Peer 1: 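Sharing a structure here in structure tokens format.
Here is the naming used below: chain letters follow the sequence lines, and residue numbers restart at 1 for every chain. What you are looking at is a predicted structure, and each value in this text was computed from that prediction instead of being measured.
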2 protein chains.
Amino acid sequence: MIGISKYNIKLRDVAKLADVSVGTVSRYINKHPSVSKKNAAKIQNAIEQLGYIPNLMARNLAKGVSNNLLLYILQEKPILESTWLYELPIIQSIYEYIRPTNYSLQLAMDYLEDKLEIGRFINEYVNSKRVDGMIILSTFEIDDATILTLMKSELPFILLGNQTNILAANQILFDNYHAINEVMDYLYQLGHRRIALINGFAHQQHMIQRASAYCDSLKRLGLDTCDEWVKNANHTVDGGCKCMNEILDLKKQPTAVVCGNDDMAIGAMKAIKDRGFSIPGDYSITGFDDSILSRIAEPDLTTVKIPLEALANTAIEKLIESMNHPDMTIPKKVLACTMVVRSSTGRPKPEYEL
Amino acid sequence: MIGISKYNIKLRDVAKLADVSVGTVSRYINKHPSVSKKNAAKIQNAIEQLGYIPNLMARNLAKGVSNNLLLYILQEKPILESTWLYELPIIQSIYEYIRPTNYSLQLAMDYLEDKLEIGRFINEYVNSKRVDGMIILSTFEIDDATILTLMKSELPFILLGNQTNILAANQILFDNYHAINEVMDYLYQLGHRRIALINGFAHQQHMIQRASAYCDSLKRLGLDTCDEWVKNANHTVDGGCKCMNEILDLKKQPTAVVCGNDDMAIGAMKAIKDRGFSIPGDYSITGFDDSILSRIAEPDLTTVKIPLEALANTAIEKLIESMNHPDMTIPKKVLACTMVVRSSTGRPKPEYEL
DNA sequence: CTGTTAGCGCCTTCAA
DNA sequence: TTGAAGGCGCTAACAG
């Protein structure tokens, strides 16, 4: 604000030039039907001549809106590359959707450990009127208190890929459970009867769902459970490698290993290859995410594709809808994943088959 | 704004409760020194009691600022995964820097092809006062007209990883040229005399710089130039694979291949392995980006690390600095990259050595 | 269909 | 150190 080098054109300048009142100009700009053609033309003329662009802050203050949407991302620290790969398509899809609207996209990130900070942040945003709606992207459970703050406020919000039990609505999710069921069925049909699991963080929502699908599938298919075949790694290649090595040290070997994400699957494959075994000859491996890693792996990886774009589009669409209809509730929605079969899975060796 | 279910506390409510004027409350909130201790305590009390949080839009309108920073990303369409991997660390670093400040981060993206849209967008942002500063992230050249609009406006801005010739300042860059020089020197020292290049888009700024470093290095080191050894791919694994296959079909073979990014390097490695050759035994390969791909490749890939965090930090730091000192110019800055030596490079076979 | 005017909630100058 | 009051630029009732 120091140095008023460039005078900013205001509504009243346009009104003066067009020789009408500010009210008429305002109505014209807001597409109010009651502006005569004659005046509309004069105003449009003046606007173009002056290069007038409305001051958003003034407009928003008067209207009581902010025209801002917030994407609030909660993530682990340090942030994993697999998380990036998950987030960016979502960010992009959301922006793509917003672009033709009048909304701006605001981005904020916090670390899951900082529960206090998250609560403070939400509270601040709920009260300072700086956004009209909020999408929360998190793969870990969010504090009930935070959700409650949100619910009590009138701010429309959506949990994206994040589940909460204290709320029946406002969640757009994808179906980890059925995805892993499908993977297990597929392995079973190939002839596998000994299936291990290298999963991710034990407290991460998606991983919890995947683990429970794995366990339920074993029962459903009448397969042996073996505690030593269930591992938790840290979502990285190295972590997957380490876990697979532990499994390879066991006396009783599985014939297939289901992994919680592609990174860990790559690590598992590495461990297997390092010991001179082959994939899928000796071990079948599956991942999750259908990331670029799964495509460049050798052999390329059977995995599960998450409908990230559809998730993002659904979320933002519903959010805007509920902003326009404040009384509307956003029903919970669960989108399906798709299994992508590639070369890392095959029939087990004959001696292992039933 | 429909349904005033929850009354929003305002400055005047605090003033009433604290039994002072709104002016005094405002001064207290803005940390103006001239507020008596007694009143300060009363006000603080009232604020806490009411849970008052200032309305940002009103404050900003009064102050003539927006408290918003814009990160404007221009990218190719469709967006490549290698671009994602490049952008997200930057986004994160920028947000990390902004978090403790009062600024909010706004995000916008456009496709490079839409030149008109980009110009319109910039113009809109420059005039609607919705942001106080802007970082433009693009790997492709930006229209002079767009830059000029920005220069003429009083809006502080920075080009991040993007060079323009019509401006001597406002650019935070990284040194592609020296990085490739270093790679070439390294290969030369290993004994390589026949070095090919699989580069990316011929019109992308970084790739242009890498190509020119490659050519200059050949001269500098007194090596043969061979047109057939210089290829342009589309930044993907498949593209790199295709180009490498073309090279492998040639009569005269290089002993090393420098690639414009890790993806293409992985593709090249794939082509080589598919023909039964070994890496680095028969061919040495280098990439660029130090992405996760380079670490999971087999063998893992010699590559170049771009200081993304430092770039982002420098950019946002300088931007905020120049927002506080409107007369300040942000000098151009070029950060160094680091070569990361791994196992995809080695001495060439004896028969090829000089 | 249009002009007038009172806000939107806060900041900041001016006098006291 | 404080209170009063006039903006910031735009919107939306209201009266005409």
Peer 1: Rounded to the Å, how far apart are B:L11 CG and C:dT12 P?
Peer 2: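 Taking atom P of C:dT12 as the reference, CG of B:L11 is at 12 Å.
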Peer 1: So does A:K332 have more than 12 non-hydrogen atoms from other groups sitting under 6.0 Å from NZ?
Peer 2: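 Buried by this count: over 12 neighbours within 6.0 Å.
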Peer 1: Are B:Q75 and B:Y86 linked by a side-chain donor-acceptor pair shorter than 3.5 Å?
Peer 2: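 No - no donor-acceptor pair under 3.5 Å links their side chains.
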Peer 1: Is there any protein nitrogen or oxygen under 3.5 Å from a nitrogen or oxygen in nucleotides 12-15 of chain D, and what are the pairs?
Peer 2:
from, atom 1, to, atom 2, distance (Å)
D:dA13, N6, A:R27, NH1, 3.3

Peer 1: Report the residue (B:S21 or A:I53) whose heavy-atom-nearest nucleotide on DNA chain D is the more 5′ of the two.
Peer 2: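 Its nearest nucleotide lies further toward 5', so the answer is B:S21.
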Peer 1: Compute whether any side-chain donor of one residue and acceptor of the other, for A:D132 and A:S66, lie under 3.5 angstrom apart.
Peer 2: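 Yes, A:S66 and A:D132 have a side-chain donor paired with an acceptor closer than 3.5 Å.
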Peer 1: Would one find a side-chain N or O of A:R12 under 4.0 angstrom from OP1 or OP2 of D:dT11?
Peer 2: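 So the side-chain polar atoms of A:R12 never come under 4.0 Å of the phosphate oxygens OP1 or OP2 of D:dT11.
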Peer 1: The side chain of B:N39 is closest to which nucleotide in this list: D:dT2, C:dT2, C:dG9?
Peer 2: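 For the B:N39 side chain, the nearest candidate turns out to be D:dT2.
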Peer 1: Just how far, in rounded Å, is P of D:dC10 from CG of B:N127?
Peer 2: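 Atom CG in B:N127 sits about 12 Å away from atom P in D:dC10.
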Peer 1: With the threshold set at 4.0 Å, does a side-chain nitrogen-carboxylate oxygen contact exist between A:K129 and A:E154?
Peer 2: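 Result for this pair is yes, salt bridge flagged.
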Peer 1: Would you say a side-chain N or O of A:Y52 is under 4.0 Å from OP1 or OP2 of D:dC10?
Peer 2: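 The answer is yes; a side-chain N or O of A:Y52 sits under 4.0 Å from OP1 or OP2.
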Peer 1: From D:dG3, D:dG9, D:dT2, pick the nucleotide closest to the side chain of B:V20?
Peer 2: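 Taking heavy atoms from C-beta onward, the closest nucleotide is D:dG3.
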Peer 1: Working to the nearest 0.5 Å, report the span between CD1 of A:I94 and CG of A:L311.
Peer 2: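 Rounded to the nearest 0.5 Å, the CD1-CG separation comes to 10.0 Å.
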Peer 1: Measure from CG on A:D13 to P on D:dG9 and round the result to the nearest Å.
Peer 2: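 Checked: the CG to P distance equals 10 Å.
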Peer 1: Side chains of B:T24 and B:S21: do they bring a donor and an acceptor to under 3.5 Å?
Peer 2: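 A pair is found: one side chain offers a donor N or O, the other an acceptor, under 3.5 Å apart.
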Peer 1: Could you tell me how far apart B:K38 (NZ) and D:dT1 (P) are, to the nearest whole angstrom?
Peer 2: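 Rounding to the nearest Å, NZ of B:K38 and P of D:dT1 are 12 Å apart.
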Peer 1: Looking at C:dG9, I'd like to know if its phosphate oxygens (OP1 or OP2) sit under 4.0 Å from a side-chain N or O belonging to B:R59.
Peer 2: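 So the side chain of B:R59 is outside the cut-off, no N or O lying under 4.0 Å from OP1 or OP2 of C:dG9.
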Peer 1: For a quick check of understanding: with a heavy-atom distance under 4.0 Å over all strands, which category does A:L61 fall into, base, sugar-phosphate or nothing?
Peer 2: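 Base contact - A:L61 has a heavy atom under 4.0 Å of at least one base atom.
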Peer 1: In whole Å, what is the span from the CE atom of B:M57 to the P atom of C:dG7?
Peer 2: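 Interatomic distance, CE of B:M57 to P of C:dG7: 19 Å.
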Peer 1: CZ of A:R130 versus P of C:dG9: gap in Å, rounded?
Peer 2: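 So the two atoms are 17 Å apart, to the nearest Å.
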Peer 1: Pick base, sugar-phosphate or nothing for B:V25, based on heavy-atom distances below 4.0 Å to the nucleic acid.
Peer 2: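 The answer is nothing, as B:V25 stays clear of every strand by at least 4.0 Å.
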Peer 1: Round to the nearest Å and state the distance from A:I43 atom CD1 to C:dC1 atom P.
Peer 2: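 Roughly 13 Å, once rounded to whole Å.
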Peer 1: Is any side-chain N or O of B:S36 closer than 4.0 Å to OP1 or OP2 of D:dT2?
Peer 2: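 For D:dT2, OP1/OP2 do have a side-chain N/O of B:S36 under 4.0 Å.
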Peer 1: Could you tell me if the ring centre of A:Y72 sits under 6.0 Å from that of A:F121?
Peer 2: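 Centroid distance A:Y72-A:F121: below 6.0 Å, so yes.
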Peer 1: Tell me: OH of B:Y28 to P of C:dT12, nearest whole Å?
Peer 2: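 Atom OH in B:Y28 sits about 17 Å away from atom P in C:dT12.
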